[in-house]
Amino acid sequence: MMNFIQTLGRNTRGSFTKLGRATFFLMQTATGVIEILPRPRLLLKQLYSVGVLSFLIISISGLFVGMVLGLQGFYILSDFGAEETLGVMVAASLVRELGPVVSALLFAGRAGSALTAEIGLMKATEQLSGMEMMAVDPIKRIISPRFLAGIISMPLLAALFSAIGIIGGQIVGSGLLGVDDGAYWSQMQAKIDFQDDIINGVIKSLVFGFVTSWIALFEGYDAIPTSEGVSRATTRTVVNSAFSILGLDFILTALMFGDD
Amino acid sequence: MQHNSTQDTLVGFFVATGIAVLFFLSLQVSNLSSFTEQKGYTITARFENSGGLRVKSPVSAAGVKIGQVSDISFDPKTYESVVKMRINAQYDSIPDDTTASIFTAGLLGEQYVSLEPGGSSEHLKQNSNIEITQSAIILEKAIGQFLFKSAEEKK
């Protein structure tokens, strides 16, 4: 019994300590972001590995998610004779929810895990302490550019996901199932609001990009520098990112779309 | 350096695509293109019941959209619904004895205000009032009346 209470106390204290370290880490990273602005080449390289390399998986997933939405939506809406509103359904669910959330989950799996593994391995092979020996701050040189690249890429990837999904829905809806093409687009334009839907979706994906990059970079930086430690940190990145994304999505949705 | 320059191109392509896609979403998917703070004037109409009318519902005349509802409020003195409508400036010659009615697009579609021009030579201006209005048809009420009637006939 005593043992149990001891473990509980140690774990609670441990998780608070970790959260504290993560917050401190975030502040250091954020100050580092200001200093990399005059050196865009560092950022460019990370935009390539975080953004461009996620481009393909996001586009293909977006296409299929949109096509599935088109198919499922059509079957349900045709029961009510409301196939014409398929465009609204596909666009609203993509722009508001699926675009930001699914692309953030994919981003955590594709780019977040790679970031954690890369930084964890840098730590394990003592590249980070080597930099410190040379009086180069590893947070500014290594972490901040990756962090900024994550925040920039995420909204672009989410927008790409939504747009390709909407086109996928149109391919299935009006190409295969015979929904009127004009109605698909015009109903969508009438019902999707720029402020409420598009801007809120972009804000969501910015938040998700921030959180996912933070978790991925911190887990890598905080990993136990062994091969097992790095593998565990990578797992934690994906799991924690998924939890945070879905939890935050609920909170953001309640805040944004609550009053109408 | 060769490698670096392809990387630059790809990053440029990525960012350009991202921004283009955001433009596509704003202009093609959302209502931004039709949402313009156009010049116009506001008129008011009082309805006994404005039903499911909402802010941004269309205002149309002869089936053409000429403006949108900008505000709906309840008047606690007359117990009426006060609907403010913003009419685009180009439609400035609507007679002041125009009738406003609330209709439903389709059986279950959204509600809109329909203006039916009268014959007066005076035109509606900023802050004009529409005197003759016809309330929204509330489906439940209509069904209730119908049932009541058919029950009476059976007696």
Side-chain angles (χ1 to χ4, degrees), chain A residues 40-41 43-56 58-59 62 80-82 84-85 87-88 90-92 94-95 99 149 152-167 170 184-199 201-202 205 260, chain B residues 1-38 52-60 63-72 86 103-113 139:
Chain A
R41 190 139 289 275
L43 177 66
L44 209 73
K45 214 171 169 189
Q46 295 316 318
L47 270 179
Y48 177 77
S49 68
V50 168
V52 176
L53 294 182
S54 309
F55 196 91
L56 200 65
I58 294 279
S59 325
F80 304 100
E84 317 286 72
T85 51
V88 183
V90 171
L94 275 170
V95 172
I152 295 176
S153 314
M154 196 61 248
L156 300 180
L157 291 172
L160 185 78
F161 187 95
S162 304
I164 293 191
I166 289 168
I167 293 169
Q170 191 230 2
Y184 185 88
W185 289 108
S186 67
Q187 292 262 3
M188 192 191 301
Q189 282 173 8
K191 283 281 157 61
I192 303 293
D193 191 68
F194 178 68
Q195 190 90 37
D196 285 353
D197 296 323
I198 311 273
I199 296 285
V202 172
S205 56
D260 76 13
Chain B
M1 261 343 254
Q2 185 57 42
H3 176 69
N4 248 347
S5 102
T6 17
Q7 210 171 54
D8 290 0
T9 319
L10 284 173
V11 171
F13 176 72
F14 167 64
V15 174
T17 320
I19 292 171
V21 152
L22 275 175
F23 266 100
F24 166 78
L25 284 181
S26 327
L27 295 176
Q28 187 69 29
V29 173
S30 83
N31 58 355
L32 189 66
S33 46
S34 58
F35 171 77
T36 37
E37 272 299 312
Q38 273 180 353
L53 202 69
R54 290 176 302 127
V55 172
K56 283 187 182 170
S57 291
V59 176
S60 68
V64 181
K65 189 185 171 194
I66 59 166
Q68 62 181 18
V69 173
S70 58
D71 182 56
I72 299 177
R86 189 151 183 86
F103 288 141
T104 310
L107 191 57
L108 302 166
E110 78 171 338
Q111 299 200 297
Y112 64 98
V113 180
L139 205 58

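Residue numbers start from 1 in every chain, and the chains themselves are labelled A, B, ... in the order their sequence lines are given, proteins ahead of strands.
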Colleague: By a 4.5 Å heavy-atom criterion (distance strictly below it), what part of A:I198 contacts chain B: side chain, backbone, both, or neither?
Modeller: side chain
Colleague: Could you walk me through whether A:S59 and A:L160 pass the side chain to side chain contact (heavy atoms under 4.5 Å, CB included) test, one step at a time?
Modeller: CA-CA 7 Å; A:S59 325; A:L160 185 78; 3.7 Å; yes
Colleague: Go through the atoms of A:A163 and report whether side chain, backbone, both or neither lie under 4.5 Å from a heavy atom of chain B.
Modeller: both
Colleague: Does a salt bridge link A:K191 with A:D196, judged by any charged N lying under 4.0 Å from a carboxylate O?
Modeller: no
Colleague: Taking all atoms of both residues into account, what is the closest heavy-atom pair of B:Y112 and B:P58, and its distance?
Modeller: CB-O, 3.3 Å
Colleague: Please state whether the side chain, the backbone, both or neither of A:T85 comes within less than 4.5 Å of a heavy atom of chain B.
Modeller: neither
Colleague: Can you measure from CD1 (A:I192) to OG (B:S26) and round to the nearest 0.5 angstrom?
Modeller: 12.0 Å
